[in-house]
Protein chains: 2
Amino acid sequence: MRWNELQNETCPVARGLSVVGDRWTLLVLRDCFRGLRRFEELHESLGITRHVLSDRLKGLEAAGVLERRQYSDAPPRHEYRLTDKGRDLYPVLIALIRWGETHQPRADVPDFTFRDRHTGAVIEPVLTDRRTGREIDPRQVSASREDTG
Amino acid sequence: MRWNELQNETCPVARGLSVVGDRWTLLVLRDCFRGLRRFEELHESLGITRHVLSDRLKGLEAAGVLERRQYSDAPPRHEYRLTDKGRDLYPVLIALIRWGETHQPRADVPDFTFRDRHTGAVIEPVLTDRRTGREIDPRQVSASREDTG
DNA sequence: TGCCTTGGGTTCCCTTTTGGAACTTACTGG
DNA sequence: CCAGTAAGTTCCAAAAGGGAACCCAAGGCA
């Protein structure tokens, strides 16, 4: 199996990773969520080579995760913005942040705090069951595909 | 910046990805969550080359995400099991499944259904705020590091 | 006018990682 | 003795990544 055959898999994890499972891709998106939009900003922040960054941005644009738009006519300048599809990756990043903080801790830096943008209230993201409102314990959950009918 | 320098970053996303951000790694873990434990099972299921699989398993073991244990003495045979640290990656996979199903849909396969292992009740995983119990809207959330003091 | 700077890339070249396939080791069963 | 199985390792070619230099369009300025 080659990496670029993943997009045709029936597994949604595989299809998701065919878009964001590349080295650096989720870090590019992390920076987009931080508000960075320009090539130079991203290059500076990530420290990856320009052509890998260029490649990732093209891929994310092609996948509809980022949108490339011109913000200046002369000289022509572009920026990259998250689309709705891109913004919906936030739960993946939050899950990763919480796992990283819990299991790859660094004593010398404080953890992230999530806040409501408007009220400023602290938010503690957890995975719950929408139906019961109870937190989800991985060990109690089974996932399966069920044909309807 | 090189990939293996990521583990020293202050950003928890970067540290998390230094463990699971490699090509194929999250797919190996997906299969572990599905209950696969043996090299041959994983190789068959993933279709990746044996030495990439071998490499990923070693990395995950070194990171404490999987545990390699002997299940037969003669001939010596091993299996790989998720540790607690590994099981805590479940929210990442669920987030990825839901994103994949929503944004890279395939009409020909049914979506996953999550169920309580014991009661069989359907579970609908959503990211909520533990404090208020409300669902989290990415656009309303800001993340920042706050020094205590 | 010529020269420097900035943003956003592309090109070139070399090193790592993948992909594919064959080979190895240690044992079991017939 | 031969075939088969589980779990890897080794070898080689192809693809991706890393580093640095180069390109282009426009703006500023001396």
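To find a chain, count down the sequence lines: A is the first, B the second, and so on, and within it residues start at 1. Hydrogens, waters and symmetry mates play no part in the numbers below; they use all other heavy atoms, side chains included.
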Is there a donor-acceptor pair closer than 3.5 Å between any side-chain N or O of [X] and the backbone N or O of [Y]?
| X | Y | value |
| --- | --- | --- |
| A:Arg37 | A:Tyr80 | no |
| A:Gln70 | A:Ser72 | yes |
| B:Asp116 | B:Thr119 | yes |

Quick one: [X] [atom1] to [N] [atom2], roughly how many Å, whole number?
| X | N | atom1 | atom2 | value |
| --- | --- | --- | --- | --- |
| A:Asp55 | C:dT10 | CG | C1' | 12 Å |
| A:Glu5 | C:dT18 | CD | P | 16 Å |
| B:Leu53 | C:dT18 | CG | P | 13 Å |

Look at the rings of A:Phe39 and A:His43 and say which category their plane angle falls in: under 30° parallel, 30 to 60° tilted, over 60° perpendicular.
-> parallel
Give me the ring orientation class for B:Tyr90 and B:Phe33: parallel if the planes are under 30° apart, tilted from 30 to 60°, perpendicular past 60°.
->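 Ring orientation, 0 to 90° scale: tilted.
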Could you walk me through whether B:Val92 and B:Val20 pass the side-chain contact (heavy atoms from CB on, under 4.5 Å) test, one step at a time?
-> CA-CA 10 Å; B:Val92 176; B:Val20 300; 5.9 Å; no
For [Y], is there an ion pair with [X] - N to carboxylate O distance below 4.0 angstrom?
| X | Y | answer |
| --- | --- | --- |
| A:Glu40 | A:Arg38 | no |
| A:Glu5 | A:Arg2 | yes |
| A:Asp129 | A:Arg131 | no |

A:Thr113 side chain to B:Ser144 side chain, donor-acceptor N/O pair below 3.5 angstrom =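 B:Ser144 and A:Thr113 do not have a side-chain donor-acceptor pair below 3.5 Å.
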Mind checking what makes salt bridge (Lys or Arg N to Asp or Glu O under 4.0 Å) contact with B:Glu135, not counting sequence neighbours?
->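 B:Glu135: salt bridge (Lys or Arg N to Asp or Glu O under 4.0 Å) contacts with A:Arg130.
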A:Arg134 meets the salt bridge (Lys or Arg N to Asp or Glu O under 4.0 Å) criterion, sequence neighbours left out, with none
Side-chain N,O (A:Tyr80) to OP1/OP2 (C:dG7) below 4.0 Å | no
Taking only heavy atoms on the protein side, list every residue of residues 57-69 of chain A lying under 4.0 Å from any atom of DNA chain C, sorted numerically.
->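 Per residue number, the list reads A:Lys58, A:Arg68.
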Working for salt bridge (charged side-chain N to carboxylate O under 4.0 Å, His left out), residues A:Asp88 and A:Lys85 | CA-CA 5 Å; A:Asp88 279 354; A:Lys85 178 172 176 179; over 6 Å; no
Hey, can you pull the residues of residues 10-48 of chain A with a non-hydrogen atom under 4.0 angstrom from DNA chain D?
->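 Correct list: A:Trp24.
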Under a 4.0 Å heavy-atom criterion, DNA chain D is touched by chain B from D:dT5 to D:dG19
Can you give one letter per nucleotide of nucleotides 21-30 of chain C, going 5' to 3': B for a protein heavy atom under 4.0 Å from the base, S for sugar-phosphate only, - for none?
-> -B---BSS--
